[in-house]
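Okay, structure first, notes after.
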Amino acid sequence: MTSNDITKGIVQAVAIVAGVYLLFHFLYLVSAVIAYVAIAVVLALIGRPVVLTLRRKLRFPNTIAVAVTMLLMLLMIGGLIALFVPLITEQGKNLSLLNIEDLQESLDAIYREFTFLFGATPETVNELIKDSKLENNVLQGLNVEFIPNILNSFLDILSSFSIGLFSVLFITFFFLKDSKLFQNAILVFVPDGSKTKVVKSIDSIKTLLSRYFVGLLLQLFILFAIYTVVLLLVGIENAIVIAFLCALFNIIPYVGPIIGGIIMVFLTMTSNLGYDFNTVILPKTGYVLIGLTIGQLIDNFFSQPFIFSNSVKSHPLEIFLVIIIAGIIFGVVGMIVAVPGYTMLKVILKEFMADNHIVKKLTHNL
């Protein structure tokens with residue numbers, strides 16, 4: 001090996017490293033656009049069955065079917081925003097009328113009741129509060145000067161949200177209108193000999209993921225209905241908004257239901273501040289916990305197995321292991337995208353490695 005060969009190899013290695021760095025740097029700079037496209041793909045997959053139904057069953061022209069589907073999506077988004085307006089308004093009023101002394105007394109009362117419930121005497125609780133300076137510890141870091149900063153940045157957030165929403169809807173419209181648009185963009189980088197297999201893989205992936213996301217919406221709706229009924233029966237204000245928020249956390253596998261449950265219990269207790277702990281707060285919290293348990297049992301033993309077996313054709317245990325591994329490697333984001341990513345991987349492996357023994361075992365249901 002001559003010095004010229006060594007120099008050439010070093011230059012090529014440096015060029016490859018520089019190219020990879022520039023590629024990742026470019027992807028980082030356009031990460032917002034990538035996120036818009038990813039969200040648009042998900043919305044297009046969700047809206048795809050609606051478009052197909054309008055075209056095949058009702059004989060709508062393609063453009064009109066897409067327009068009607070987009071209108072339905074806009075109505076749903078607008079409905080969700082309108083759903084949260086009363087809660088935001090109420091919380092804004094609570095902040096404007098916030099009495100720090102009442103808040104301190106409420107925190108002290110809940111602290112005393114909890115401690116007394118576990119066997120401590122009122123004298124011991126009072127001494128603990130005095131020694132630990134509970135009010136100072138809880139409220140010492142409370143600085144209301146952040147409120148003007150939030151208000152000043154509200155317009156910027158609203159502007160960014162509007163741009164993002166418009167971009168996502170615009171991209172979604174064309175993905176729905178031309179179902180092969182995304183496919184054709186991918187085929188540009190695919191050799192001619194592999195295009196047939198890639199097209200078959202994309203068609204299978206679109207079908208499976210459409211079923212998965214529609215099934216996921218059904219799963220969230222079932223939880224939302226259960227949580228709403230429970231909160232309405234218990235008498236919690238803004239029950240629909242709280243139920244929707246807590247059901248939405250179920251998108252995060254395994255961790256999300258815990259977060260949603262904590263939020264629901266917390267909002268149940270805080271919405272009843274000022275009432276007797278033993279006769280009002282504790283019983284209502286118990287009823288909410290029972291409702292949460294029922295919802296999760298239905299979700300774990302009915303909704304999830306139904307979705308996984310009928311949409312992505314995977315065993316629940318298989319999905320569990322995939323989600324756990326993805327969560328360990330990539331965190332919460334990995335847990336969210338684990339099922340769609342694993343489904344795409346299985347379809348691709350089946351198409352390109354159909355003769356492999358392991359692949360046959362993993363993809364025999366596809």
Side-chain angles (χ1 to χ4, degrees), residues 38-57 69-70 72-73 75-77 79-80 168 172 175-176 179 182 201-229 243-260 292 294-327 332-348 350 362-366:
I39 296 172
V41 168
V42 173
L43 291 178
L45 289 172
I46 294 174
R48 183 169 175 263
V50 180
V51 173
L52 293 178
T53 300
L54 293 175
R55 286 168 50 189
R56 295 172 180 175
K57 302 293 184 181
T69 303
M70 293 296 299
L72 292 175
M73 289 185 179
L75 290 175
M76 290 181 63
I77 294 173
L80 292 177
V168 168
T172 303
F175 279 170
L176 286 172
S179 60
F182 189 70
S201 299
I202 292 175
D203 290 339
S204 298
I205 288 171
K206 287 195 297 185
T207 300
L208 291 173
L209 291 187
S210 291
R211 292 177 181 175
Y212 170 73
F213 287 119
V214 172
L216 188 61
L217 290 178
L218 176 62
Q219 176 191 10
L220 297 182
F221 177 78
I222 292 173
L223 281 174
F224 167 71
I226 294 172
Y227 291 165
T228 300
V229 170
F244 174 78
L245 180 63
C246 295
L248 194 61
F249 273 103
N250 221 67
I251 292 177
I252 308 174
Y254 307 116
V255 179
I258 298 175
I259 298 174
L292 280 168
I294 294 173
Q296 287 305 310
L297 288 175
I298 294 175
D299 182 62
N300 292 327
F301 292 101
F302 171 73
S303 301
Q304 289 188 22
F306 176 80
I307 291 172
F308 295 149
S309 61
N310 290 279
S311 61
V312 297
K313 308 296 183 181
S314 297
H315 192 278
L317 179 58
E318 182 183 354
I319 294 297
F320 173 79
L321 294 175
V322 169
I323 291 173
I324 292 298
I325 294 172
V332 174
V333 176
M335 298 178 74
I336 296 174
V337 302
V339 176
Y342 180 64
T343 302
M344 294 171 61
L345 180 62
K346 286 177 63 175
V347 171
I348 294 171
K350 182 177 182 179
L362 289 175
T363 61
H364 68 280
N365 288 330
L366 293 179

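Note that the structure is predicted; figures quoted are calculated from it, not measured.
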With sequence neighbours excluded, residues passing side-chain contact (heavy atoms from CB on, under 4.5 Å) with [X]:
X      : result
Ile39  : Leu43, Val168
Leu297 : Thr293, Phe301
Met70  : Val66, Met73, Leu169, Thr172, Phe173, Leu176
Leu345 : Leu349

To the closest 0.5 Å, what do you measure between [atom1] ([X]) and [atom2] ([Y])?
X      : Y      : atom1 : atom2 : value
Asn250 : Leu223 : CG    : CG    : 4.5 Å
Ile202 : Ile348 : CD1   : CD1   : 8.5 Å
Phe244 : Phe249 : CZ    : CZ    : 11.0 Å
Ile323 : Met335 : CD1   : CE    : 6.5 Å
Ile294 : Ile226 : CD1   : CD1   : 8.0 Å
Ile251 : Leu217 : CD1   : CG    : 8.0 Å

Check: Which residues pass the ring pair (Phe, Tyr, Trp, His ring centres under 6.0 Å) test with Phe302, sequence neighbours left out?
Finding: none

Check: With Phe175, which residues qualify under ring pair (Phe, Tyr, Trp, His ring centres under 6.0 Å), at least two apart?
Finding: Phe182

Restricting to pairs with a member in [range], which pass side chain to side chain donor-acceptor pair (under 3.5 Å), not counting sequence neighbours?
range            : answer
residues 40-52   : none
residues 201-210 : none
residues 211-228 : Gln219-Asp299, Tyr227-Gln296

Closest contact, heavy atoms only, [X] versus [Y]:
X      : Y      : answer
Pro257 : Ile252 : CD-O, 3.4 Å
Phe213 : Pro340 : CZ-CG, 4.2 Å
Ile222 : Ser303 : CD1-OG, 3.7 Å

Margin query: Less than 4.5 Å apart, side chain to side chain, heavy atoms only: is that true for Phe224 and Cys246?
Written below: no

Notebook entry, point to check: Do Val339 and Val322 touch side chain to side chain, with heavy atoms closer than 4.5 Å?
Noted result: no

Next item on the list: Enumerate the residue pairs fulfilling salt bridge (Lys or Arg N to Asp or Glu O under 4.0 Å) with a member in residues 314-325, sequence neighbours excluded, ordered by first and then second residue.
Entry: Glu318-Lys346

